[in-house]
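Below: one structure, written as structure tokens.
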Amino acid sequence: MAVRFHKADVSFRVPQSTAIKSFLRQQFSITTSKTLDLDCIFCSDEYLLNVNRTFLQHDYYTDIITFPLDETEKKTVAEIYISIDRVKENATTEKVTFENELQRVIFHGVLHLCGFKDKTKAQSQLMREMEDQWLAEFTKFVA
């Protein structure tokens with residue numbers, strides 16, 4: 001069970017990376033009873049726009065794309081692509097710290113892997129509640 005952080009075309013270091021990796025493994029296991037093999041790739045807006053166009057045929061900027069690659073009864077293998085540019089802009093718009101918004105986006109991607117969706121208003125509300133719950137639990141986790 002591993003969570004790995006990579007940089008595509010940005011110079012970037014994830015704050016509290018070791019704690020976030022441990023927390024993600026724990027939360028995923030608690031939520032799904034599975035292990036998680038995850039690569040998080042941090043990139044620019046342009047890089048993620050290209051991924052969005054190439055793989056999803058979407059022509060717009062986004063903060064995150066989650067790709068489940070393989071799933072069994074015991075394990076999920078996935079990749080998450082996160083635009084650092086979008087996270088910075090979202091943090092400013094939402095009036096939160098960059099670190100808080102980054103954690104929210106990472107947790108959002110893993111919640112998708114846990115089975116949570118955000119296509120409808122009700123699903124989006126539940127997703128936001130789960131993000132808030134994980135943010136609160138992460139604060140306790142690192143305390």
Side-chain angles (χ1 to χ4, degrees), residues 1-94 96-139 141-142:
M1 183 160 77
V3 175
R4 294 166 297 276
F5 292 157
H6 309 279
K7 298 172 280 190
D9 65 340
V10 294
S11 178
F12 176 70
R13 186 184 134 317
V14 177
Q16 298 182 298
S17 63
T18 303
I20 291 173
K21 290 174 186 179
S22 295
F23 180 77
L24 291 175
R25 288 191 303 268
Q26 171 190 290
Q27 290 302 109
F28 188 81
S29 178
I30 290 169
T31 307
T32 67
S33 300
K34 296 181 185 183
T35 60
L36 178 63
D37 187 349
L38 177 66
D39 287 296
C40 294
I41 299 97
F42 299 95
C43 57
S44 68
D45 266 350
E46 293 308 315
Y47 187 97
L48 193 52
L49 179 60
N50 187 49
V51 170
N52 211 6
R53 287 175 176 156
T54 302
F55 295 98
L56 301 176
Q57 290 72 51
H58 296 161
D59 192 20
Y60 53 82
Y61 293 110
T62 186
D63 52 1
I64 185 168
I65 299 176
T66 302
F67 290 110
L69 303 175
D70 188 32
E71 191 166 5
T72 67
E73 288 183 23
K74 297 182 180 185
K75 182 178 181 180
T76 296
V77 179
E79 292 178 345
I80 293 176
Y81 290 80
I82 296 173
S83 167
I84 296 307
D85 299 324
R86 287 296 95 215
V87 172
K88 286 178 184 174
E89 188 171 305
N90 291 349
T92 300
T93 302
E94 296 297 321
V96 297
T97 65
F98 170 79
E99 193 170 319
N100 179 270
E101 184 62 16
L102 179 64
Q103 290 166 4
R104 178 180 298 281
V105 171
I106 293 170
F107 297 164
H108 180 94
V110 174
L111 284 163
H112 273 303
L113 296 172
C114 292
F116 291 91
K117 309 244 184 273
D118 58 2
K119 296 293 183 198
T120 68
K121 187 175 180 179
Q123 290 172 339
S124 292
Q125 182 178 341
L126 178 58
M127 176 70 85
R128 189 63 172 210
E129 289 170 8
M130 291 303 299
E131 292 167 8
D132 289 341
Q133 180 181 329
W134 279 26
L135 284 165
E137 290 176 17
F138 182 68
T139 300
F141 184 82
V142 294

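Start at 1 with the first residue, then count along the sequence.
Taking CG from L111 and CE from M130, the interatomic distance works out to 5.5 Å, rounded to the nearest 0.5 Å. For the atom pair NZ of K88 and CD of E101, the computed distance is 13.5 Å after rounding to the nearest 0.5 Å. With values rounded to the nearest 0.5 angstrom, S44 atom OG is found 5.5 Å from D85 atom CG. Atoms OG1 and CG, on T76 and L38 in that order, are 10.0 Å from each other to the nearest 0.5 Å. Here CD1 of I64 is found 12.0 Å from CG of N52. Values are rounded to the nearest 0.5 Å. Atom-to-atom distance recorded for Q27:CD and E137:CD is 4.5 Å, nearest 0.5 angstrom.
For residues 31-46, the pairs satisfying salt bridge (charged side-chain N to carboxylate O under 4.0 Å, His left out) are R4-D37, R4-D39, K34-E71, D37-K75, D45-R86, with sequence neighbours left out. Applying the ring pair (Phe, Tyr, Trp, His ring centres under 6.0 Å) test to residues at least two apart or on different chains, the pairs with a partner in residues 31-50 are F5-F42, F12-F42. The stretch residues 111-123 participates, sequence neighbours left out, in no salt bridge (charged side-chain N to carboxylate O under 4.0 Å, His left out) pair at all.
Contacts of T97 classified as side chain to side chain contact (heavy atoms under 4.5 Å, CB included), with partners at least two apart in sequence or in another chain: E99, N100. In terms of the salt bridge (Lys or Arg N to Asp or Glu O under 4.0 Å) criterion, residue partners of D59 (sequence neighbours excluded) are, by chain and number, R53. Residues satisfying the side chain to side chain contact (heavy atoms under 4.5 Å, CB included) criterion with L69, sequence neighbours excluded, are F67, V77, E79. For the ring-ring contact (aromatic ring centres under 6.0 Å, His included) test, residues two or more places apart in sequence or in another chain that qualify with H58 are Y60. With sequence neighbours left out, Q125 forms a side chain to side chain donor-acceptor pair (under 3.5 Å) with E129. Every residue meeting the side chain to side chain contact (heavy atoms under 4.5 Å, CB included) condition with T120, not counting sequence neighbours, appears here in chain and number order: A122, Q123. With sequence neighbours excluded, no residue forms a ring-ring contact (aromatic ring centres under 6.0 Å, His included) with Y61. Legend: residues meeting salt bridge (Lys or Arg N to Asp or Glu O under 4.0 Å) with D132, ordered by chain and number and at least two apart, are R104.
Nearest heavy atoms, A8 versus I41: CB-CG2, 3.8 Å. Here the closest heavy-atom approach between residue L48 and residue C43 is recorded as CB-SG, 3.8 Å.
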Distance-only criterion, 3.5 Å: show the donor-acceptor pairs between side-chain atoms of residues 16-26 and protein atoms not counting sequence neighbours.
| residue | atom | partner | partner atom | Å |
| --- | --- | --- | --- | --- |
| Q16 | OE1 | Q103 | NE2 | 3.2 |
| S22 | OG | T18 | O | 3.2 |
| S22 | OG | R25 | NH2 | 3.3 |

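By the 4.5 Å heavy-atom criterion applied to side chains, I106 and I82 are counted as neighbours. You'll find the side chain of P68 reaches within 4.5 Å of the side chain of L113, heavy atoms only. Put simply, the side chain of H112 reaches to within 4.5 Å of the side chain of M127, judged on heavy atoms. Two residues are said to be in side-chain contact when any heavy atoms from C-beta on lie closer than 4.5 Å; F116 and T31 meet this criterion.
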Give the intermediate values and the outcome of side chain to side chain contact (heavy atoms under 4.5 Å, CB included) for residues V3 and F28.
-> CA-CA 11 Å; V3 175; F28 188 81; over 6 Å; no
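In this structure a side-chain-to-backbone donor-acceptor pair under 3.5 Å is present from T35 to K74.
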